[in-house]
Amino acid sequence: MILLNDISQTVLIILSIGLLISTLEYLKKVQIFSPNGLLSWNVMQLKWTKQNEKSFFKPLFKLFSAPGLAALFIIRCLLIIGLLFFPLQSTTGWVLISLLGVSLLMASLVTYYGSDGSDQMSMLIIITLILCNLPAFTTGKLRDIGIWFIGLQACLSYTVAGIAKLVSAEWRSGTAIKDVFSTKTYGSKKASLLLQKYPSANRFLCWNVIVMETIFPLCLILPWQYAIVFLIWGFIFHFFTALIMGLNSFFWAFMATYPAIYFINHQMPWHLF
Amino acid sequence: MMLKLNPIVIYELVVTIFLAFWFLSTILCQFKETKISSFIRYKIDYFNLIPLWTFFAPHPGKRDYHLLYRDRITDIDYSDWQEMEITEERTIWSWLWNPEKRDKKILSDVVQSLVSSIPSYREKAGSLNLLMFSMPYIIVLHAVSQYKKQSQNCYRQFMLAESSGYQKETAPSLILLSVFHQI
């Protein structure tokens, strides 16, 4: 039986919810991999033009049809469900997460158009958990290093996003969010109209995102009662990007990193004495 | 004090170095494209493991892309332009369950990749003829060629356009008009 008092296990459980939803979404849309689909392997294989790449990945190519990928996604769902019953530190748990990692890596060869930052964060977490929980080779120290890696990558992601916005004139002028919300791709008519009506709200939101993302790594070193403000902000931020922009998988992928941030924060010297 | 090397210590060391390299590579591959970041992204990172964390910045995606196609019926007669649905209104459950985002994201990535490569093709080759051999162009052509043909021996043309979504401040504009392709 799994226990949530282990940080790595908590990270995995939160991530698993998002991965299960994302895999079921791919299953629903599996026709995109059919010969008539957007990611038809007839076209996608043109990416592998070099002979050495072709021969290296060729054994996998037969899998990249709609039925092959549907089977892969069903197996992935079963692996994720299996991880609810076997702890990460058990041999069975490690085998399950390793197979899950292999399925993610295989699918990434055909989904390089259409994948997003949440897919990359999910892959990053799964590979780290596989490497840092290898039975018989893993020490508590290595597990901690893995958690540090996940927490630091999460903080890097926010800071990079914040700095990239800070150097952007469109973000600084406070029009960026209104402009994004006004697109049909990532926006919402209601949110767009609301922000057009209240330009000051638009400016506040832009600067709120710039400042909070840029200084997000402070949550690693601030005393916990202040650090938690950043995590609450992150929760609200990701919830609303899921609600307004439809970026549902980002919510789970980034929430999964928060236990790692909590762990790092509580390893800071002022929490030890 | 000497570190006693045993398989566990060696494994710990190898994984730690690997994670450190991964973290450093991630930092190097943000913001500006350099020789090192290009090498990491295009020569090493087959599985797309090096993320780009600059979400919606520096240029927030403030345009909607439109993909349209038409058929040549005779030398002087063409069908009406048909729009391929790339964007779709979200449902109230999209915050939890949003399979439609995949189609949208794929086409959006492909179109953006095509749009961003146009200047370099113009600069290097002087014309856009070579663009027809690029991966995103072929994906778009493949996507539009799946729709019902006007005749057996069909020639199809596609057009990429952009608009400002729900805002009607600016008129839609043309990005790319393809030649007619036999499909």
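The chains referred to below are lettered A, B, ... by the order of the sequence lines, with proteins before strands, and numbering in each begins at 1. From a predicted model like this one, the values you see are computed outputs, not experimental measurements.
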For [X], is it the side chain, the backbone, both, or neither that has a heavy atom closer than 4.5 Å to a heavy atom of chain A?
X      : result
B:D103 : both
B:S163 : neither
B:I50  : backbone
B:I10  : neither

**OP:** For A:F64, enumerate each residue passing the ring-ring contact (aromatic ring centres under 6.0 Å, His included) test, keeping only those at least two apart in sequence or located in another chain.
**Re:** A:W41

Where is the tightest heavy-atom contact between [X] and [Y], given as atom of each residue plus distance?
X      : Y      : result
B:N48  : A:S115 : ND2-OG, 3.7 Å
A:I244 : B:R90  : O-NH2, 2.6 Å
B:A143 : A:L38  : CB-CD2, 3.7 Å
B:W53  : A:L124 : CZ2-CD1, 4.3 Å
B:Y166 : A:T183 : CE1-O, 3.7 Å

I want to check something: taking the side chain as every heavy atom from C-beta on, are [X] and [Y] in contact at a cut-off of under 4.5 Å?
X      : Y      : value
B:K101 : A:K29  : no
B:Y11  : A:L131 : yes
B:Y65  : A:T185 : no
A:Y113 : B:P136 : yes

Original post:
Relative to chain B, which segment of A:L152 carries a heavy atom at a distance below 4.5 Å: side chain, backbone, both, or neither?
Top reply: both

Subject >> Contacting region of A:N42 [heavy-atom separation from chain B under 4.5 Å] >> reply: neither

Quick check on the interface: out of [options], who has the most heavy-atom pairs with chain B under 4.5 Å?
options                        : value
A:S108, A:S168, A:G117, A:S157 : A:S157
A:K165, A:K28, A:E170          : A:E170
A:A242, A:A161, A:S182         : A:S182

Original post:
Any side-chain donor-acceptor pair under 3.5 Å between A:E25 and B:N98?
Top reply: no

**OP:** Using the salt bridge (charged side-chain N to carboxylate O under 4.0 Å, His left out) rule, take B:K104 and A:D116 through it: C-alpha gap first, then chi angles, then the decisive distance, then the call.
**Re:** CA-CA 12 Å; B:K104 281 196 300 189; A:D116 57 29; over 6 Å; no

Original post:
Quick one: side-chain hydrogen bond (donor to acceptor under 3.5 Å, both in side chains) pairs with a partner in residues 15-30 of chain B, sequence neighbours left out?
Top reply: A:Q153-B:T26

**OP:** Drop me the distance from A:L39's CG to B:H142's NE2, to the nearest 0.5 angstrom.
**Re:** 10.0 Å

Original post:
From B:F55 CZ over to A:S118 OG, what is the distance, rounded to the nearest 0.5 angstrom?
Top reply: 8.0 Å

**OP:** Give a yes or no on whether the backbone of B:F56 and the side-chain of A:W171 come within a donor-acceptor separation of less than 3.5 Å.
**Re:** yes

